[in-house]
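Throughout, numbering of the chain's residues begins at 1 and tracks the sequence. Counting starts at 1 for both ligands and their atoms, in listed order.
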Amino acid sequence: MDNRGESRVSESIERILLDKETIQNRIRELGSQITQDYAGKRLHLIAILKGASIFHADIVRSIALEISFDFIAVGSYGKLTQSSGEVRILKDLDESPEGKDVLLVEDIVDTGLTLHYLVRTLKERHPKSLKIASLLSKPARRKIDVPVDYIGFEIPDEFVVGYGLDYDQRYRNLPDIRILRLKT
Ligand code: IMP
Ligand code: MG
């Protein structure tokens with residue numbers, strides 16, 4: 001949805017929160033941890049579009065296991081920076097997760113509502129196991145508890161963009177994670 005012109009919000013990048021190297025080092029650590037935890041198993045990753053696409057592309061290359069992956073897209077924030085609490089599937093999985101060791105890959109856990117909904121929906125499809133990896137977590141904003149098994153970084157209550165995360169579909173291609181300031 002494009003509502004430019006309706007609201008006068010000015011946005012500016014305030015500062016870099018996590019630089020490229022810090023992100024890549026942490027992803028290598030998570031990849032090794034996942035490789036150890038699933039040793040001898042085949043892992044099926046499900047990345048949540050679009051935000052997790054960049055994190056997913058990097059983490060799969062740091063996991064030394066036989067893997068397969070799939071994508072799911074859920075209702076996004078559009079221009080808003082607050083969750084409506086409503087989640088809907090915009091693009092469903094291509095393959096059934098039934099009987100698979102599934103790792104759900106997310107960009108950021110904010111209120112927890114998106115993951116809570118997805119975990120409930122995916123469990124109904126009987127994966128053998130289901131765990132969550134999220135690059136970022138904002139614990140201060142949690143409304144509902146979701147067990148996140150692998151967290152890249154816990155961050156303060158700031159709106160961030162880059163490395164897959166957007167504001168109004170922009171900034172996803174920034175190589176690092178930056179704090180966005182919105183002024184109304
Ligand atoms: P939750 O349902 O509130 O946990 O929201 C999760 C989704 O909100 C994430 O997958 C992101 O798409 C979006 N989101 C939450 N916080 C941020 C942020 O700081 N920057 C960009 N997107 C965010
Ligand atoms: Mg997302």
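Listed by number with element, the atoms of ligand 1 under 4.0 Å from a non-hydrogen atom of T114 are 1 (P), 2 (O), 5 (O), 6 (C). Under a 4.0 Å criterion applied to the non-hydrogen atoms of L113, ligand 1 contributes the atoms 2 (O), 4 (O). Listed by number with element, the atoms of ligand 1 under 4.0 angstrom from any heavy atom of E158 are 19 (O). Ligand-side atoms of ligand 1 in range of K138: 16 (N), 17 (C), 18 (C), 19 (O), range being under 4.0 angstrom from any heavy atom. Taking a cut-off of under 4.0 Å to the non-hydrogen atoms of D166, the atoms of ligand 1 that pass are 21 (C). Those atoms of ligand 1 that come under 4.0 Å of a heavy atom in D107, given as number and element, are 9 (C), 10 (O), 11 (C), 12 (O).
The only member of R142, K138, E154 that meets side chain to side chain contact (heavy atoms under 4.5 Å, CB included) when paired with V109 is R142.
Of the listed residues (L17, T111, V87), the one carrying the non-hydrogen atom nearest atom 1 (P) of ligand 1 is T111.
Contact annotation: the side chain of L115 approaches that of I48 to within less than 4.5 Å [non-hydrogen atoms, C-beta and beyond].
Between R170 and E11 there is a salt bridge, with a side-chain nitrogen of the basic residue lying less than 4.0 Å from a carboxylate oxygen of the acidic one. R172 has no carboxylate O lying under 4.0 Å from a charged side-chain N of D107, or vice versa, which leaves the two without a salt bridge.
Note: an N/O pair closer than 3.5 Å links V160 and ligand 1 by distance alone. An N or O contact shorter than 3.5 Å is missing between V109 and ligand 1 by distance.
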Could you walk me through whether H56 and I54 satisfy the side chain to side chain contact (heavy atoms under 4.5 Å, CB included) test, starting with their C-alpha distance in whole Å, then the side-chain angles of each, then the deciding distance to 0.1 Å, before giving a yes or no? CA-CA 5 Å; H56 173 260; I54 311 274; over 6 Å; no
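By the criterion of a heavy-atom distance under 4.0 Å, both the backbone and the side chain of D110 are placed next to ligand 1. When non-hydrogen atoms are compared, ligand 1 lies under 4.0 Å from the side chain of E106 (C-beta onward) but not from its backbone. Counting heavy atoms under 4.0 Å from ligand 1, residue R141 does not touch it at all.
Ligand 1 is never approached by G51 to a heavy-atom distance shorter than 4.0 Å.
For S68, the side chain to side chain contact (heavy atoms under 4.5 Å, CB included) test picks out R42, H44, with sequence neighbours left out. Residues passing the ring-ring contact (aromatic ring centres under 6.0 Å, His included) test with F153, sequence neighbours excluded: none.
More than 12 heavy atoms of other residues, nucleotides or ligands shown are found within 6.0 angstrom of NZ on K91.
Summarising the geometry of I144 relative to L113, their closest heavy-atom pair is CG2-N, 3.8 Å, with the distance given to 0.1 Å.
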